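Fair warning: this is a prediction, and the values are worked out from it, not measured in the lab. Each chain gets a letter, A, B and so on, in the order its sequence line appears, and its residues count up from 1.
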Amino acid sequence: MFFHNTLTRSPQEFKPMHRGRINLFVCGPTVQDHFHIGHARTYIFFDAVAKFLRKTGYSVFYLQNITDIDDKIINRAKEEKSDPLELAESYLEEYYREMKELKVDSINFYARATLHIDEIVSQIERLVSAGLAYETEDGVYFEVRKFKDYGELSGQNLDQIKHGVRTDISESKRNPEDFVVWKKMKPGEPFWDSPWGKGRPGWHVEDTAITESYFGEEYDIHGAGSDLIFPHHEAENAIARSLSGKKHLARYWIHTGMLNVNSEKMSKSLKNFRTISEILENYSPEVLRYAMLNANYRTMLDFSEEMMESSRENVGYITKVYKRLKKVKGKEGKFKIDLKSELSTLTKAMEADFDTRGVIMRLLEICSDINRNIESISSESADSIIELLDWANSFLGIVESGEQPLGYGLISSILEIRKDLRKKKEFDLSDRIRAELKAYGIYIEDVNGGTEWWFE
RNA sequence: GGAUAGGUGGCAGAGCGGCUAUGCGUGGGACUGCAGAUCCCAUCUAUUAGGGUUCGAAUCCCUACCUAUCCUCCA
């Protein structure tokens, strides 16, 4: 298996630190606002990755942090005149709920920053005593120039970075590139005690303290959106490696490309900010997963209605084939697939830089094959295709599985009656049955000689 | 100014030196009471531009132009 490592800027053969075991850390969100489809892209992708790795036999500890204390949360709370910690709590609940809806359920543990203050403080203490961080009147800062490999991940050169492009440079810092690891509280802000007085942790050190306490000084894979490469991951790398003296914090870094809307970055000022819940009003979680996984994870993905409609088409197509196969029982037929070789093709695609798109493409081809040969599929063959689809779906999560709202026998009876009505050409009544069942999510289609139905 | 990834048909996107995918869309057909689904056929005669290497380039090299993301808020 190989994939693109941001650190080496090239595809690299993957070798876990411990045989058969993988420690995977992905930066979770700052719980300060509703979550958007950019979050969805990153978390759906890593969900598929974690599930696939488990499917191929690895034991994966997938850890995600939650930034539940931060300047932005405080500012947001001020605007809304609410309590920052309560605000964070309610967005966190929303996050959990939406991830569950999107079937992102591969994360073993969510580590909240506010529940790891001791670990964070201890790490900062070690930074200070090693002379890597210094205290000023408003906080504790990490001195970037003490870490000579700074820039190795992002390719940034300290002397060529434009300082203060977007943020004001704090006057208390020794150098403009230094970043805060502990922020001293201002009146009315949430706080925790520390050797430097009341305050709260800086962003970068949260993650290094959390990964250190669960994974140790070095681990296998660190993932996140590519917008976090600089400065966040560069800073994490600097903190952790300065303390450990090791060559790596994470041996492999995986970054997902940004999701744009009409070729523009999502932002509130442009009013093109699309939330997950807004998308789920019109599309199923499976369709959103499909749209996100039907692209190379590293390239910029341009969100559009066209893309979503096309995803809806294909998800419906695959789902229908799947349900059709489930109904094949006790039939003889010539059509066969070579399950073993198909599995190996799909596995190879995933093992080549997580080519989820390639997997989907092959699935569509198989589905097309099935539709063409639906009359000559034996039940044995149907079973092995179902096995294949189940296997792929276990990490892609793109097949829609509706709840069966009515009993099988009941539907059959209704359809029998409808069949008689159609024979008598009482189409008003038969169409009404079709419309009524549709309200229950039961779709009817009259195909050659018979009637097919399924749930949605 | 620096870093990174790219520029392929109406759109999305493969191709990794020779056979020009695939999906969506669009048009037509089969089937059909209608709807829908499925299948078949077609369509779009695409490789940012200019050089070079080669018998042969979308693919390798050079130059130019363009786009996106990042440069201390970000998934």
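For A/F109 and A/Y214, the gap between ring centers is short of 6.0 Å.
Of the side-chain N and O atoms in A/N371, one or more sit less than 4.0 angstrom from OP1 or OP2 of B/rC39. When the side-chain nitrogen and oxygen atoms of A/R372 are compared with OP1 and OP2 of B/rC40, one or more of them lie within a distance under 4.0 Å.
A side-chain donor from one of A/E400 and A/S284 sits under 3.5 Å from a side-chain acceptor of the other. With 3.5 Å as the limit, one finds a donor-acceptor pair spanning the side chains of A/D68 and A/T114. At a cut-off of 3.5 Å, with distance as the only test, a side-chain donor of A/N65 or A/D207 sits close to an acceptor on the other residue.
Nucleic acid contact for A/Y317: sugar-phosphate only, since backbone atoms but no base atoms lie under 4.0 Å from a heavy atom of the residue. At the heavy-atom level, A/L259 lies under 4.0 Å from base atoms of the strands shown. If you check every strand for non-hydrogen atoms under 4.0 Å, A/T42 touches a base. Among the heavy atoms of the strands lying under 4.0 Å from A/I444 is at least one base atom, whether or not backbone atoms are also near. Among the heavy atoms of the strands, none lies under 4.0 Å from A/T256. If you check every strand for non-hydrogen atoms under 4.0 Å, A/D70 touches nothing. Among the protein residues, A/R324 comes within range of the sugar-phosphate backbone only, with heavy atoms under 4.0 Å from sugar or phosphate atoms but none that close to a base. Within 4.0 Å of A/L228, counting heavy atoms only, lie sugar-phosphate atoms of the nucleic acid but no base atom. Using a 4.0 Å heavy-atom cutoff across all strands shown, A/H255 reaches no nucleic acid atom at all.
Using bins of under 30°, 30° to 60° and over 60° for the plane-to-plane angle, the ring pair A/F45/A/Y297 lands in the parallel bin. Under the 30°/60° scheme for interplanar angles, the aromatic rings of A/H39 and A/H36 are found to be tilted.
Residues A/K72 and A/T67 have side chains not in contact (no heavy-atom distance under 4.5 Å, counting atoms from C-beta outward).
Evaluated for a ring pair (Phe, Tyr, Trp, His ring centres under 6.0 Å) with A/W253, the options A/H222, A/H232, A/H248 yield exactly one hit, A/H222.
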Set out, in order, the CA-CA distance, both residues' side-chain angles and the distance that settles side-chain contact (heavy atoms from CB on, under 4.5 Å) for A/D369 and A/F335, then state yes or no.
CA-CA 9 Å; A/D369 246 17; A/F335 185 77; 4.0 Å; yes
What one-letter contact string describes nucleotides 5-16 of chain B from 5' to 3', where B marks a base within less than 4.0 Å of any protein heavy atom, S marks contact via sugar-phosphate atoms alone, and - marks no contact?
-----BSSS---
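A/N314 contributes no side-chain N or O that forms a donor-acceptor pair with the base of B/rC24 under 3.5 Å. Taking only distance into account, the side chain of A/R434 meets the base of B/rC34 through a donor-acceptor pair shorter than 3.5 Å.
Of all nucleotides listed (B/rC24, B/rC70, B/rC34), B/rC24 comes nearest to the side chain of A/E313. Across B/rU72, B/rC73, B/rC34, the shortest atom-to-atom separation from the side chain of A/R422 is found for B/rC34. With distances taken from any side-chain atom of A/F230 to the nucleotides B/rA37, B/rU72, B/rG2, the minimum falls on B/rU72.
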State the dot-bracket string of RNA chain B. Criteria: Watson-Crick or G-U wobble, both atom distances under 3.5 angstrom; notation: ( ) intrastrand, [ ] crossing earlier pairs, | interstrand, . unpaired.
(((((((..(((.....[...)))((((((.......))))))....(((((..]....))))))))))))....
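Taking the C1' atoms as reference points, B/rU54 lies 9 Å from B/rG17, given to the whole Å. The same atom, C1', is picked in B/rC62 and in B/rA57; the two are 15 Å apart, to the nearest Å.
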